[in-house]
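Before any comments, here is the structure.
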Amino acid sequence: MRALIVDDERASREMLRHFVTRYCGDIDLTDDAEDVNGAYKIINERSPDLVFLDISLPGKDGFELLKLFREPPFEVIFVTAYSEYAIAAIRLSACDYLLKPLDINELQVAVRRARERIMRKDPVNSLRELFHSLTEKGPRRIALAHANGYTVVSVNELIRLESDGRYTWTFLTEDRKILVAKTLRDFQESLEEGEFLRIHNRHIINLNFVRNFDRKGLLTMADSSEVEVSKRKKDELMKRLGI
């Protein structure tokens, strides 16, 4: 798998190159670039399969690089020191991101998932969902990554989410549920604005689908499921529900 590193900091490029070479198996790091123009030239000349892309670059940011391609023919792993910078949109897409300083385990997981998407020829679709999340003003869409690929749904279709270790069960309208390879915390940080609320260490709910809240601290959702509310979240839930 051919890969390119795009980062304006030389030390960051060298550190990432070292980690990828040592811990990520058979990857050919074709070259590196420090800005959008240099990266665009290398991509056209060498056709990398994977680009490690810093978001904050001089002149033009990493998203501007992607916009130069009608349908980017490569997978992207975003690398950034700024956790608040478009991270919510990236989480809602099928793309991966890494925060600096890099964590080796997270790097390995991101590379493995990128390799799987390349095998399935998914890069174009995952980046399309990212651009939708960044630009659309209507209902946001979310890419639910699972064993067979990923399913794209509107966040308005999410009834509730339930933690299962490092995975999350997503319960959707029309009696659907999907096990997703993301933690509940990933979803919480992506959905914290709007109609979603984490009411328990295992549960996030869409407030629009609440049907009953009893005195025992149990919510009944539109799919007839019952969800426990933690004591510390009870007051916030009642306020959000207008009770």
Side-chain angles (χ1 to χ4, degrees), residues 1-119 122-135 143 145 182 185-186 189-190:
M1 186 166 66
R2 298 183 302 277
L4 169 67
I5 296 172
V6 184
D7 195 310
D8 62 324
E9 298 179 357
R10 180 178 178 181
S12 294
R13 296 197 303 271
E14 292 178 350
M15 179 65 71
L16 181 54
R17 178 181 291 275
H18 170 72
F19 282 173
V20 170
T21 301
R22 182 168 182 179
Y23 298 107
C24 295
D26 186 21
I27 293 183
D28 176 17
L29 284 166
T30 58
D31 211 332
D32 56 48
E34 61 183 18
D35 57 26
V36 168
N37 292 337
Y40 183 71
K41 183 173 184 291
I42 293 171
I43 290 170
N44 284 321
E45 290 176 351
R46 306 195 183 184
S47 302
D49 303 297
L50 171 64
V51 175
F52 293 95
L53 181 59
D54 190 4
I55 296 176
S56 180
L57 296 169
K60 301 176 182 178
D61 66 27
F63 298 120
E64 293 298 320
L65 171 64
L66 300 179
K67 291 176 183 177
L68 295 175
F69 299 89
R70 183 173 180 273
E71 291 190 338
F74 47 83
E75 179 61 40
V76 176
I77 297 175
F78 292 95
V79 184
T80 179
Y82 305 99
S83 60
E84 73 280 5
Y85 188 34
I87 293 301
I90 295 172
R91 286 196 182 104
L92 289 175
S93 73
C95 299
D96 276 297
Y97 72 97
L98 299 168
L99 292 177
K100 300 177 183 178
L102 296 176
D103 178 277
I104 293 171
N105 290 332
E106 292 178 357
L107 171 64
Q108 291 174 317
V109 169
V111 168
R112 185 183 72 246
R113 291 198 294 224
R115 191 188 298 273
E116 291 170 355
R117 288 194 291 272
I118 289 168
M119 296 288 288
D122 278 350
V124 170
N125 293 322
S126 60
L127 289 169
R128 186 179 294 128
E129 293 311 316
L130 170 62
F131 288 143
H132 182 278
S133 295
L134 285 168
T135 60
K182 288 186 177 181
R185 181 178 179 181
D186 289 330
E189 294 177 355
S190 302

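- Between Leu65 and Ile43, the closest side-chain pair of non-hydrogen atoms falls below 4.5 Å.
- Nearest heavy atom pair, residue Leu4 against residue Ala39, reads CD2-O, 4.1 Å.
- Note that CG of Asp61 is 8.5 Å distant from CG of Leu53, once rounded to the nearest 0.5 Å.
- Between Leu16 and Leu29, the closest side-chain pair of non-hydrogen atoms is not below 4.5 Å.
- Across all non-hydrogen atoms, the minimal contact from Lys100 to Ser12 is NZ-OG, 3.7 Å.
- In this structure, the side chains of Leu99 and Thr80 come closer than 4.5 Å at one or more pairs of heavy atoms.
- Side-chain contact between Val111 and Phe19 is absent, with no heavy-atom pair separated by less than 4.5 Å.
- Each of Ile42, Ile5, Val6 was evaluated against Asp31; a single residue qualifies, Ile42, per the side-chain contact (heavy atoms from CB on, under 4.5 Å) test.
- Of all heavy-atom pairs between Ile27 and Arg115, the closest is CG1-NH2, 3.9 Å.
- Below 30°, between 30° and 60°, or above 60°: for Phe63 and Phe78 the angle between ring planes is between 30° and 60°, a tilted geometry.
- Of all the heavy atoms in Pro58 and Asp8, the pair that sits closest is CD-CB, 3.4 Å.
- Leu57 approaches Asp7 most closely through the heavy-atom pair CD2-CA, 4.0 Å.
- Atom CG in Asp28 sits 8.0 Å away from atom CZ in Arg2 (nearest 0.5 Å).
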Legend entry - Full working for salt bridge (charged side-chain N to carboxylate O under 4.0 Å, His left out) between Lys67 and Glu64: CA-CA 5 Å; Lys67 291 176 183 177; Glu64 293 298 320; 3.6 Å; yes
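- Annotation: Met1, atom CE; neighbour count of heavy atoms from other residues, nucleotides and ligands within 6.0 Å is above 12.
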Legend entry - CA sep, side-chain torsions, deciding dist, call: Asp54, Arg13, salt bridge (charged side-chain N to carboxylate O under 4.0 Å, His left out): CA-CA 10 Å; Asp54 190 4; Arg13 296 197 303 271; over 6 Å; no
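- A tilted orientation is assigned to the rings of Tyr40 and Phe69, their planes being inclined by 30° to 60°.
- Contacts of Arg17 classified as side-chain hydrogen bond (donor to acceptor under 3.5 Å, both in side chains), with partners at least two apart in sequence or in another chain: Asp32.
- With hydrogens and angles ignored, the 3.5 Å screen pairs a side-chain donor or acceptor of Gln108 with a backbone N or O of Tyr23.
- Counting heavy atoms from C-beta on, the side chains of Leu107 and Ile77 never come closer than 4.5 Å.
- Here the shortest heavy-atom pairing between Leu50 and Ala114 reads CD1-CB, 4.0 Å.
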